[in-house]
Number of protein chains: 2
Amino acid sequence: MNKDIENEFLEKAEVFKALSHPTRLFIIDAIKDKRMSVKELSEIVEIDISTMSKHLNILKNNKIIQGEKVKNFVYYRLAIPCVLEFMTCAVKTINKK
Amino acid sequence: MNKDIENEFLEKAEVFKALSHPTRLFIIDAIKDKRMSVKELSEIVEIDISTMSKHLNILKNNKIIQGEKVKNFVYYRLAIPCVLEFMTCAVKTINKK
DNA sequence: TTACAAGTTGGCAAAATTACCAAATACTTT
DNA sequence: AAAGTATTTGGTAATTTTGCCAACTTGTAA
């Protein structure tokens, strides 16, 4: 693959990849209004807390969310509100199917 | 994983997954103004034409692009212009890093 | 009809992703 | 200090994605 093209689009692709999992899209929807802890999120989605922690880490590494430690909880919130607009476009796409 | 949550977010995640590869983001950028054939795209990106065909198929299955056969060429163009706005948000995210 | 070019599909191996468990860390509370 | 709760990290197996080659299909042109 051409290196210039790869350099230009790889970082952007990483952001989309971070959003390409149902659990991570749920997270974004869930914390858009109020911050939530890892345990709260894992219990709602019904997955292992370690799995949830890793999903949150993927979003955090891409600066899509950010965490804040309070006591021994970590509360996460949206760092990039524009991701919500992504959703609107995704839904338009789905409605075409 | 909770089934209601999975049902609500799986389809949307598929759209993001379709966009989560540098070659596929390049395609979207390349055909945003003018339609292009599989061979043209594969030569620019420098990958096998069969690989390019598969990438195009992933985008087509998600209704992000659409193809039109002319002679023995297939020209692809954008079907959902709003994906370009996704890019703008992705870049904002990248600039934070 | 024969040869050629564009595109698609199937198969396979390498790489990446995902989810669980177990163990480690961080912080509280008794 | 000891026990308990929340979170993170390492390891591993199952699944998915990716890219090439080879073979096949479709349509063109000699």
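As a basis for the values below, the full set of heavy atoms in this structure was taken, side chains included, without hydrogen atoms, waters or symmetry mates. The structure presented is a predicted model; accordingly, all values stated were derived computationally and were not measured. Labels below follow one simple rule: chain letters A, B, ... track the order of the sequence lines, proteins then strands, and each chain is numbered from 1.
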Proximity to the side chain of B/Val38 - top-ranked nucleotide from D/dT7, D/dC21, C/dG7: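 Nearest listed nucleotide: C/dG7.
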Heavy atoms from C-beta onward define the side chain here; which of D/dT7, D/dA29, C/dC21 lies closest to that of A/Ser50?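 From the listed options, C/dC21 comes nearest.
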Could you tell me the separation between the [atom1] atom of [X] and the [atom2] atom of [N], rounded to a whole number of Å?
{"X": "B/Ile49", "N": "D/dA23", "atom1": "CD1", "atom2": "P", "result": "18 Å"}
{"X": "A/Asn61", "N": "C/dA16", "atom1": "CG", "atom2": "P", "result": "16 Å"}
{"X": "A/Ile58", "N": "D/dT9", "atom1": "CD1", "atom2": "P", "result": "12 Å"}
{"X": "B/Leu59", "N": "C/dT8", "atom1": "CG", "atom2": "P", "result": "12 Å"}
{"X": "A/Asn2", "N": "D/dG19", "atom1": "CG", "atom2": "P", "result": "14 Å"}
{"X": "A/Glu40", "N": "D/dT5", "atom1": "CD", "atom2": "C1'", "result": "14 Å"}
{"X": "A/Glu14", "N": "C/dT17", "atom1": "CD", "atom2": "C1'", "result": "12 Å"}
{"X": "B/Lys17", "N": "C/dA16", "atom1": "NZ", "atom2": "C1'", "result": "12 Å"}

Under 3.5 Å, side chain of A/Ser20 to main-chain N/O of A/Lys17, donor-acceptor pair present? yes
Is the backbone of A/Lys3 close enough, under 3.5 Å, to the side chain of A/Asn7 for a donor and an acceptor to pair up by distance? yes
For [N], does either OP1 or OP2 sit under 4.0 Å from a side-chain N or O belonging to [X]?
{"X": "A/Lys69", "N": "C/dA26", "answer": "no"}
{"X": "A/Thr51", "N": "C/dA19", "answer": "no"}
{"X": "A/His55", "N": "C/dA19", "answer": "yes"}
{"X": "B/Tyr76", "N": "C/dA6", "answer": "no"}

To the nearest 0.5 angstrom, please state how far the CD1 atom of B/Ile31 sits from the CE atom of B/Met36.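 Here the interatomic distance stands at 9.0 Å.
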Nearest 0.5 Å, what's the CG-CE distance between B/Leu10 and B/Met1?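 Reported value, rounded in 0.5 Å steps: 8.0 Å.
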Any N or O donor-acceptor pair linking the side chain of A/Asn72 to the base of D/dT5 at under 3.5 Å? yes
Classify the side chain of B/Lys54 and the base of C/dG10 as holding, or not holding, a donor-acceptor pair under 3.5 Å. yes
Once the angle between the rings of A/His21 and A/His55 is folded into 0 to 90°, is it parallel (under 30°), tilted (30 to 60°) or perpendicular (over 60°)?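 Ring orientation of A/His21 relative to A/His55: tilted.
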Base, sugar-phosphate, or nothing for A/Tyr75, non-hydrogen atoms under 4.0 angstrom? nothing
Looking at every strand, decide which applies to A/Ser37 at a 4.0 Å heavy-atom threshold: base, sugar-phosphate, or nothing.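 The residue A/Ser37 makes sugar-phosphate contact but no base contact.
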With DNA chain C as reference, determine whether A/Ser20 or A/Val70 sits nearer its 5' end, using the nearest nucleotide of each. A/Ser20
